[in-house]
Structure formats: structure tokens, C-alpha cells
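Have a look at the structure below, then the notes.
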Amino acid sequence: MNNKEIEKKWQKYWDKHKTFEAHENGNKKPYYILVEFPYPSGAGLHVGHVRSYTAQDALARMMRLQGYNVLYPMGWDAFGAPAEQYAIKNHIHPKEAVKENIKTFKTQMKSLGFSFDWSREFSTTDPEYYKWTQWQFLQFYKHGMAYKDTIPVNWCPTCKSVLSNEDAAGGVCERCGSSVVQKEKSQWMLRMSDYSEDLLKGLNDTNFAERVKLGQINWIGKSEGAHIDFKIDGHDKKFTVFTTRCDTLYGATYCVLAPEHPYVDEITTSEHKKEVNDYKKECSFKNDLERTELNKDKTGVFTGAYAINPVNNSKIPIYISDYVLATYGTGAIMAVPAHDDRDYEFAKKFDIPIIQVLEEVTGTPHENETKKNSIVAIVYDEKEDKYLTINWHDKGGRLFIGGTIKDDESAVDCAKREIAEETGYNDLELISILPKINHHYYAFNKDKYFNIESTGLFFKLKSYNKVDQNLDEDEVFDVEWVSKKQIDEVKDELHAKTFEYAMNPGAMVGDGIHINSDFLDGLNKEDAINQMIEFLKEHHCGEKQVNYKMRDWIFSRQRFWGEPIPMIDCPKCGWVPMNEEDLPLLLPDVAEYEPTEDGESPLANISDWVNCKCPKCGGDAKRETDTMPNWAGSSWYFLRFMDAHNTKEFASMDKMKYWNRVDWYNGGMEHTARHLLYARFWVQFLYNIGLVPHKEMIWTRVSHGMVLGSDNQKMSKSKGNVINPDDIVKEYGADTLRVYEMFMGDYQMDAPWSTDSLRGCKRFLDKIVRLKDKVNDNDGFTESLEVLQNKTIKKVEYDLTHMGYNTAISSLMILANAYDDKDSITKEDYHLLLVLLYPTAPHITEELNEMIGYSPICEGDWPVCDEDKIQEDTREIAVQVNGKVRGTIEIHVQDDEQAIEEKAMECENVVKHIEGKEIVKVIVIKGKIVNIVVR
RNA sequence: GCCUUAGUGGCGGAAUUGGUAGACGCGCUGGACUCAAAAUCCAGUGUUAGCAAUAACGUGCCGGUUCGAGUCCGGCCUGAGGCACCA
């Protein structure tokens with residue numbers, strides 16, 4: 001068979017008959033399947049594209065046969081930097097480059113036989129499309145959702161361009177290697193943060209995969225806490241911090257403002273001015289990513305100013321540090337080093353006091369406890385790398401040195417005394433005092449319940465100097481030095497925990513009971529938070545607050561190749577929106593444009609374009625020269641597909657109501673957080689102003705894994721592991737590539753390319769072709785195949801709707817093998833196999849189907865599984881003895897447990913294993929397994 | 001650092017709710033057909049022992065729950081992807 005010819009033949013057939021064009025009529029149920037439209041890069045279609053388009057294509061083709069009115073559209077997300085770069089280099093207009101790329105992509109897609117409705121095709125760069133993107137921006141503006149704000153951007157002084165975080169990684173421009181600086185720019189913003197709660201709640205009206213929802217939830221980042229006002233010593237001003245842990249306020253020993261915080265200059269004392277300014281400058285050279293990545297070492301400087309802790313009026317120093325971000329919360333924090341890891345690190349470095357206000361609770365509380373203070377001491381011998389323990393053997397096991405603190409004694413003195421008394425060692429150096437632990441226990445020797453506050457102390461042994469031990473009569477134990485591994489033998493919760501603290505110094509971030517906190521003492525975290533919020537409210541210095549990490553959307557880009565923002569800056573009227581009837585605002589038709597000196601968009605250099613009249617007063621004015629981000633056009637393209645040629649609206653309400661929403665949306669993992677969130681925000685806004693029928697227009701969202709190179713690495717030119725789908729189609733045929741990509745592995749996971757496996761799929765299709773020679777003249781189905789046939793119908797149907805593409809193919813292989821075992825099969829048998837395979841391998845199945853005299857599959861029906869045919873009356877189940885399979889038995893479906901048990905007991909190999917043993921019990925799980933427990 | 005996600009034969013991967021681990025395919029070994037090769041067909045293929053029946057071991061590591069764990073729980077290790085130090 002000539003693949004090329006039959007592929008062409010059927011692709012032509014489908015085109016000519018407009019088989020896949022969707023129309024908004026008839027009584028078929030509409031179903032909207034969407035794949036992310038690609039960015040048509042110069043590299044051409046990637047085998048990764050083929051994977052997701054084929055998967056959705058199979059679903060679309062099956063559902064059409066099942067009688068759905070399927071909409072499966074395709075278009076182009078063609079604005080973006082690469083096209084712009086390419087165009088600058090080659091002195092052409094980017095639209096020319098894009099045109100070429102789209103042509104290539106479309107030819108490639110067609111060669112793979114995807115059943116897209118090409119009548120709805122558009123590109124985000126078409127003026128007929130971006131007219132509506134601009135129009136929608138104007139709606140945002142008119143509803144107070146768009147505003148200008150000054151935002152720092154990554155700026156490369158050499159390239160004179162604004163860089164993405166990605167291109168500015170490590171503070172170095174990816175293109176030219178110069179260091180990147182932060183530059184303030186006035187930018188258009190969309191008030192996305194106003195939608196935080198709605199975007200969170202809206203997830204309930206979607207069927208997104210759980211992990212996709214989680215991605216969205218984490219991005220929105222809701223946290224409940226409080227804001228607290230801190231007075232500044234010697235100033236009238238107050239600053240506000242946001243915290244989720246207001247219960248730890250008594251432990252706040254300093255505050256930190258973001259270097260960009262507006263109060264910094266004002267409160268910095270003259271002797272700290274230079275340091276602070278230098279530090280601010282230093283930070284301005286770092287982008288957010290750097291602040292994140294190079295976070296190993298905390299940096300910061302003291303401003304010289306002090307804040308007043310509102311709960312106890314203590315003066316605490318105010319620092320600035322880049323570990324506090326201006327963009328999150330209030331740009332200021334109260335630092336509680338005892339109970340926050342970052343604060344702990346910072347406090348250690350700057351030698352700021354650490355006050356513990358929460359202690360962990362171990363053991364079980366009991367009535368009538370006796371309270372006392374005590375210590376647990378850990379002594380480390382560096383030379384031998386061993387720890388000092390005492391072994392009580394069966395009277396209490398291995399422990400460290402413990403003891404009760406006497407009235408006039410410090411914890412350290414107590415520890416030293418106890419160590420000397422119990423072990424004799426007396427030449428010690430204190431390494432650290434560990435957080436206190438609140439421990440409950442029962443002492444057998446005293447028959448009493450105790451509640452102790454235990455202080456952990458960590459010592460280093462300086463020398464083996466010893467004094468005489470001083471032991472009571474009942475103190476019978478061995479003093480033993482043990483390795484770290486043997487510390488596992490310390491089972492006592494208090495001692496084990498103390499050791500853990502010693503090994504991992506840091507903040508105690510968990511729950512516990514409060515200490516050193518006046519009215520909070522004794523309360524747990526939750527209660528203490530509530531009490532503290534009450535206190536703050538009463539004293540007018542704070543209240544409960546919900547905070548979201550999601551920020552407003554920076555909507556400006558200093559680029560040429562994007563949708564122009566339709567705003568006009570008038571010296572008299574300020575910012576004025578363009579008249580809607582003047583849209584689209586076209587990009588100028590020039591092939592030469594250079595970036596400006598000062599980071600404005602290249603459009604700023606094109607004065608013909610920039611200079612215009614104010615729509616309000618008619619005076620001279622200038623256009624906004626920034627363009628929209630790539631995310632804009634892709635935030636609503638799925639709505640346009642519902643009504644792609646509408647010239648009066650972006651899409652009519654009627655058509656949107658007809659299609660209802662996107663039923664199934666597939667795309668890459670990398671877009672499940674941001675793109676999806678932007679699109680949802682856009683839709684929710686349109687819904688709120690009455691322009692779309694639902695608040696959520698996407699029902700199910702799933703994400704696919706990447707196709708990696710055969711070396712298990714991401715495909716890239718530099719690694720030389722790129723597979724071009726054209727080559728595969730040429731050598732093996734489109735159907736082989738399609739089947740292979742469906743079979744290669746779990747659709748939702750990455751999978752490496754294997755040409756060997758591809759050949760296996762070619763062999764499978766060859767077998768399908770050969771089976772045609774087995775077709776006989778009998779009517780109906782071959783009886784002995786009917787069980788498997790109906791099971792396969794059910795399996796393929798289930799798998800194609802549950803992303804089990806690989807197992808769908810494998811079940812078809814099983815069916816084909818069963819056919820192959822027969823001397824002959826009927827036409828009906830063969831036709832059924834072809835229909836089931838058609839969604840994945842449409843060309844070859846149509847051809848073979850035609851050869852046996854049937855009308856085209858694409859115009860026929862999907863088979864229905866006959867449930868009666870797949871009922872079996874016998875079944876093989878396993879018999880286990882003590883959980884190990886020792887044999888199998890054949891049971892009838894109607895057998896009761898008694899009968900199954902008897903059969904199991906007769907099984908030859910089972911008899912061997914239960915002979916002479918006592919049968920404890922027999923577990924019979926009907927239809928599944930028998931397990932005989934013997935002793 | 002945080003979030004997400006994974007780890008099963010020589011390889012890609014199956015195992016819908018805790019119930020016969022390794023379906024299906026690749027690769028490999030042996031055989032048939034052929035002058036020969038390709039293609040195709042037949043048999044075998046987790047490891048170890050055994051002619052075999054069978055037995056022991058086996059789903060990243062350590063521990064737990066259970067009659068029974070790839071699947072559930074606790075603790076680690078490693079890979080991949082994402083990120084805006086989220087207080």
C-alpha cells in the first residue's frame with residue numbers, strides 16, 4: 001500500500017466533503033474540544049504538538065461517530081518576541097515571517113490528517129482578531145480595571161531592551177551577557193487581584209484535574225492572617241505589617257521593610273544613610289529571580305530607626321532586606337526569629353535576640369501533674385564523633401543526661417552539675433541552648449505525673465577530665481559513648497526531640513503552647529491567634545486580614561510585535577481611550593524599526609504613527625507605544641472559535657450559548673498555572689459585564705507530557721536529538737506516527753522518542769492490512785470473537801475519554817492478534833476493527849474499509865458495546881496461602897463463598913502448603929481471590 | 001528554598017476501588033520459510049536455583065497498617081517541570 005497516496009486521497013476527501021466543519025444547528029449535542037493553539041515558530045511542528053493534536057483528534061473523531069456535533073478548531077498565537085527578532089534581523093515585517101511559518105505549520109498539520117475545522121482558523125495577529133482584543137482592553141479600561149503604575153523592569157543597557165525574567169536569569173542578559181539593571185517604567189496594569197476570591201471560588205465550577213486546580217490555588221495564594229500597625233519611635237508615622245502568625249507578636253525582635261518601602265528614606269537616621277542607600281542600590285541590580293535564587297545568605301542593613309511593638313511597647317530595630325518583597329503583603333514584616341526560618345537565619349547573622357514564645361508539646365497530659373523545670377544535656381565528643389548517653393537497660397533504655405533545675409540555678413549550671421554527677425565529665429563548652437519543650441510524663445519510681453518545661457543544652461567535650469561520680473543508690477546505669485546511628489535507640493520522646501533540635505538548629509515553626517506571651521501563655525496557636533486579633537482590634541492597632549499573593553497583571557510590553565494598546569495621551573485630557581469605531585489600531589507597515597535609547601517600545605520611534613489627535617478635544621496627542629503581552633490574545637481565542645467570522649462582535653451571545661463552553665481543553669503543563677488563570681480572569685470579567693454566558697467557560701482542563709529525545713533529554717537543536725515529524729511521515733506514514741505517539745506511554749507524562757518502538761507500530765498497521773486477506777464471505781460476526789470484540793469496544797471508548805490512549809492501542813493489538821489466530825474473519829469483524837482504530841489511524845482504516853466495500857467510516861456510526869455478550873459465567877481466580885499465590889481455580893459467577901472455599905481447598909499445590917497446619921481463617925473475596933491463613 | 005509530579009524487567013510502559021505484578025509493544029535468544037537477505041510465522045524471555053513440577057527473592061530506600069501493599073500511612077533518596085523568598 002502506498003501511504004502517501006492514500007493519505008492524500010482521504011485528506012482531500014475530508015476537505016472536499018467539509019467533513020469536519022462544525023455548524024451551529026441540528027439536534028446533535030455540541031461538544032467543544034480545544035488544544036492550545038501553537039506559536040508558529042520557525043522550527044516547524046514539533047513531535048510534541050503531534051502528540052496532543054492526535055490525542056484530541058482521536059477523541060473528536062470518535063465523538064463525531066457517536067453523534068456529537070464536535071467543534072475542534074485550530075489557529076495561531078503569533079505575536080511574540082522571536083518573530084520580532086527574526087524580522088529585525090532580516091529587515092522584513094514580522095507579519096511576513098509569521099505568514100511563512102503558519103503556512104509550514106498548516107501544511108504539516110494537514111499531512112497528519114488532523115480533523116480541525118479549518119473554516120474557523122485565525123491568527124491573533126489578524127487585524128480582524130486583534131481589533132477585538134483591543135476592544136476588550138477598552139472595556140477593562142472603561143470599567144476601571146486598567147490603570148497605569150510604575151513598575152521596575154529588567155533592563156539590559158547594551159541591548160537597550162526590557163528582558164523577561166528568563167532572559168535576565170542570573171542578572172545577566174541572555175543575548176549579550178551584560179549585567180541587567182532594574183529600571184522603573186510606567187506600565188498598564190489590569191486589576192486582576194480584585195478577582196482573587198472569584199478565581200478561587202470559580203474552580204468549583206470547573207472539572208479541572210486536581211493538580212491543575214492546585215496550581216491555580218497556589219498561584220492565587222490566599223492566606224489568612226492579620227495586619228498590625230507599628231509606631232516608629234520618634235516619628236508620627238506608623239507602618240503596617242502583614243503576618244499569618246500574629247500569635248507570635250511577643251517574640252518579634254525586629255522589623256524588616258522591603259528596600260523599596262516608601263518610608264525607608266524618611267526613617268533612616270543620618271549615620272545609616274550611606275549604608276542604606278548603598279544597599280538599596282545593590283538591590284536595584286537584582287531582579288526578583290536573583291533575590292529568590294541567591295537566597296542562601298541573608299543580607300540587609302539597619303536603618304537606625306526603631307519600631308514600637310504594640311503589645312509590650314518594646315523598642316525593636318528596623319532593618320531593610322531584600323528577603324522582604326515590596327510586592328507582597330504590605331512590603332513590611334515583623335520578624336520572629338524563634339518561629340520563622342528566614343527570620344532565624346537573619347537574626348543569627350545580625351546577632352539579634354531570639355525570644356521563644358511557643359514551645360512544642362511532647363508526651364500525654366494527665367490530671368494532677370506536678371510541674372518542674374528541667375534540662376536535657378547532649379554532650380558531643382568531636383574527636384571520636386560520639387555522643388554521651390547513659391544506658392538504664394531494661395529500666396528505661398538509653399537516654400541523655402537529664403535533671404531537675406534547682407531554685408537558684410541556671411539551666412546551664414544545672415546541666416553541668418548533672419553531667420558531672422552522673423558521668424564525671426566536667427570540661428565542657430556550651431554550643432547552644434535549644435528551644436524549650438513542654439513534656440508530660442509518668443515517673444514509675446515516684447508514681448507521679450509530671451509536666452516539665454525542659455531546656456535542651458548542647459555541649460562539646462573539651463577534654464576527658466573527670467571528677468568522681470555522685471550517684472544515688474537507685475541510679476544504676478552504664479555511661480556509654482555512642483555514634484549518631486545508635487542514637488536511634490533513644491526512644492524517650494523528650495530526649496529524642498532534644499537531640500533533633502541539637503542536630504537541626506533553626507526556628508520552631510510548628511504548633512505548641514505559648515510562653516513569654518502574657519495573656520497568650522498556655523494557649524495553642526489557633527486560640528492565641530484569635531485572642532491576639534481581639535487584642536489588636538481593641539487597641540486599634542490591627543485586625544484580621546486575608547491576603548493574596550496574586551498581583552495585578554502587568555499588561556504593557558515594550559515591543560513592536562504585539563497588539564497596540566488603544567490609548568492616547570493628551571496633554572490636556574490625560575489618558576483617553578480610542579473610539580471603539582476606530583478600531584483596530586493597526587501596527588505600522590514598516591520593516592525597519594530599532595529599539596529606542598530609553599527602553600520605550602520601537603513604536604515610539606515611528607512618529608507618523610505616534611502623533612495623533614485627541615479623540616476628546618481634537619488637539620495634538622500621542623499614542624501609547626507599549627503593546628500587549630502574549631497572554632492577551634490567548635486569553636479569549638477559545639471564545640472567538642465559537643463565532644470566528646463575526647464582524648460586529650467578538651462572538652455573538654447566541655453562538656456562545658450554543659457551544660456553551662469548552663468541554664475539553666488540552667495543553668502543556670507549563671500553561672496550567674498562568675495562561676489558564678489569565679484566561680479565566682478575562683472570561684470572568686467579560687461575564688461580569690454581561691458579554692459571555694458563563695463565569696467559567698472551560699470545563700475540563702488536562703495537560704500532556706513532553707516528547708523527549710531518545711536520550712531522555714528535552715529535544716533541542718544543540719543536543720541534536722530533534723525528530724522532525726515530516727521525516728517520519730515520509731518514511732513511515734502519518735498513521736504510524738499517530739499510532740506510535742498514542743502508544744508511546746502515559747499521555748500525561750513525559751516520554752522519550754524511540755524509533756524502534758515506532759517500527760513496532762508500523763508492523764501493527766501492516767498486520768491490519770494483511771488481515772484483509774483473511775476476510776471471508778460470511779455474514780455477521782464470528783461468534784467466538786464476540787466477547788473480545790465487545791470488550792474492546794468498551795475499552796477503547798473508555799480509554800479515549802480517559803486519556804488512556806496507550807492502553808486503547810494495546811487492546812486493539814490484542815483484538816488484531818485474536819483475528820490473526822483465526823483462519824478467516826467476516827467483513828463485519830474486519831470493519832469493526834477498522835472503525836475502532838479509525839480515530840487514531842484514520843487514513844489507512846478509511847482505505848481498507850473502502851476496499852471491503854463499506855461507505856466511509858467518517859460518515860458512519862461508532863459501534864455500541866453489547867453488555868450481554870461480555871457477561872462471563874466462569875472466571876479464574878487466585879488462591880493464596882498466607883498471602884502468597886499457590887494456585888488458581890475456576891469458579892462460576894453464581895458460586896457462593898462456601899463452594900469457592902471448598903474448591904480452593906482442593907487445589908493441588910494449595911493442599912501441599914496447608915497440610916499439617918492449623919487453618920486460622922479463610923478469606924473469600926467473591927470473584928477476586930481466596931486467601932487461606934495458616935499457622 | 002517552596003509548589004507540582006514521578007521512580008515497576010535489558011527498554012517504553014500495563015495493573016479503573018488494597019486482591020494472580022510485568023498486559024501490549026520494543027529488544028534479545030532459538031527455530032521455520034529462503035540460495036541468501038528482508039518481510040512473515042512459531043517458541044522462549046523479571047532475578048536466582050532446578051530437566052521439570054516448583055521454591056526463594058522482586059515495583060527507588062527505611063519503617064508501619066492489613067489476611068493481603070506497586071496501590072494506604074510515616075520518614076528519607078533521586079529525577080523532571082514550575083516559581084513571584086508569599087511572611
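The figures here come from the full heavy-atom set of this structure, side chains too, leaving out hydrogens, waters and symmetry mates. In what follows, chains are A, B, ... by sequence order, proteins preceding strands, each numbered from 1.
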Practice task
Using the C1' atom as the reference point in each nucleotide, state the distance between B:rG74 and B:rG79 in Å, no decimals.
Solution key: 23 Å
Review item, nucleotides 27-31 of chain B N/O atoms under 3.5 Å of protein N/O:
residue, atom, partner, partner atom, Å
B:rG27, OP1, A:R763, NH2, 3.4
B:rG27, OP2, A:R763, NH1, 3.4

Handout entry: Below 4.0 Å: OP1/OP2 of B:rA39 and any side-chain N or O of A:R770
Key = no
Handout entry: N-O pairing of A:D756 and A:R759 below 4.0 Å
Key = yes
Exercise for the section: For A:T244, check side-chain hydrogen bond (donor to acceptor under 3.5 Å, both in side chains) against everything at least two apart and list the hits. Expected result: none
Handout entry: Electrostatic pair A:R770-A:D820, nearest N-O below 4.0 angstrom
Key = no
Handout entry: Any donor-acceptor pair under 3.5 Å from A:D229 side chain to A:T240 backbone
Key = no
Fill in the blank from the handout: Applying ring pair (Phe, Tyr, Trp, His ring centres under 6.0 Å) to A:Y250 and not counting sequence neighbours gives none
Handout entry: Summary of protein contacts for nucleotides 49-60 of chain B, nucleotide by nucleotide, where a base hit scores B, a sugar-phosphate-only hit scores S (4.0 Å, heavy atoms)
Key = -----SSSS---
Exercise for the section: Report the residues that fulfil ring pair (Phe, Tyr, Trp, His ring centres under 6.0 Å) with A:H339, sequence neighbours left out, ordered by chain and then residue number. Expected result: none
Practice task
Sticking with atom P, work out how far B:rA69 lies from B:rC61, rounded to a whole angstrom.
Solution key: 15 Å
Handout entry: Aromatic centroids of A:Y732 and A:Y740 separated by under 6.0 Å
Key = no
Practice task
Would you please name every residue forming a salt bridge (Lys or Arg N to Asp or Glu O under 4.0 Å) with A:K791, sequence neighbours left out?
Solution key: A:E872
Practice task
Using a strict cut-off of less than 4.0 Å between a Lys/Arg side-chain nitrogen and an Asp/Glu carboxylate oxygen, indicate whether A:E260 and A:K280 qualify as a salt bridge.
Solution key: no
Handout entry: Atom P, compared across B:rG68 and B:rU47: separation rounded to whole Å
Key = 28 Å
Handout entry: Side-chain N or O of A:R211 closer than 4.0 Å to phosphate OP1/OP2 of B:rA6
Key = no
Exercise for the section: In whole angstrom, give me the gap between the P atoms of B:rU48 and B:rA36. Expected result: 35 Å
Practice task
Measure the distance from CG on A:D340 to P on B:rC2 and round it to the nearest whole Å.
Solution key: 12 Å
Practice task
With a 4.0 Å heavy-atom cut-off, tell me which residues in residues 792-807 of chain A come close to RNA chain B, sorted by residue number.
Solution key: A:Y798, A:N806, A:T807
Exercise for the section: Report yes if a donor N or O on one partner sits less than 3.5 Å from an acceptor N or O on the other, where the partners are the side chain of A:R245 and the base of B:rA87; otherwise report no. Expected result: no
Problem - Stretch residues 214-228 of chain A: residues that reach within less than 4.0 Å of RNA chain B through a heavy atom - result: A:N218, A:W219, A:S223
Exercise for the section: For RNA chain B, list all stems, counting runs of three or more consecutive pairs where every pair is Watson-Crick or G-U wobble with both distances under 3.5 Å. Expected result: B:1-7 with B:77-83, B:10-12 with B:24-26, B:27-32 with B:40-45, B:46-49 with B:54-57, B:60-64 with B:72-76
Exercise for the section: For the side chain of A:V324, starting at C-beta, report the closest nucleotide among B:rG81, B:rA87, B:rC86. Expected result: B:rA87
Practice task
Under the side-chain hydrogen bond (donor to acceptor under 3.5 Å, both in side chains) rule, collect the residues that match up with A:D746, sequence neighbours excluded.
Solution key: none
Practice task
For B:rA14 and B:rG7, measure between their C1' atoms and round to the nearest Å.
Solution key: 16 Å
Fill in the blank from the handout: Across all chains, not counting sequence neighbours, the salt bridge (Lys or Arg N to Asp or Glu O under 4.0 Å) partners of A:K772 are none
Handout entry: Whole-Å distance separating the CD1 atom of A:I333 from the C1' atom of B:rC86
Key = 11 Å
Exercise for the section: Could you check whether A:T244 gets within reach of a base, just the sugar-phosphate, or nothing at all, counting any heavy atom under 4.0 Å? Expected result: sugar-phosphate
Practice task
Determine the interplanar angle of the A:W631 and A:Y678 rings, folded into 0 to 90°, and report it as parallel if under 30°, tilted if 30 to 60°, perpendicular if over 60°.
Solution key: tilted
Please list, for nucleotides 65-69 of chain B, all pairs of protein and nucleotide N/O atoms separated by less than 3.5 Å.
residue, atom, partner, partner atom, Å
B:rC67, O2', A:N931, ND2, 3.1
B:rC67, O2, A:N931, ND2, 2.6

Fill in the blank from the handout: Among B:rG13, B:rC86, B:rU20, the one nearest any side-chain atom of A:R342 is B:rC86
Practice task
Have a look at B:rG27 and give me syn or anti from its glycosidic angle (syn if within 90° of zero).
Solution key: anti
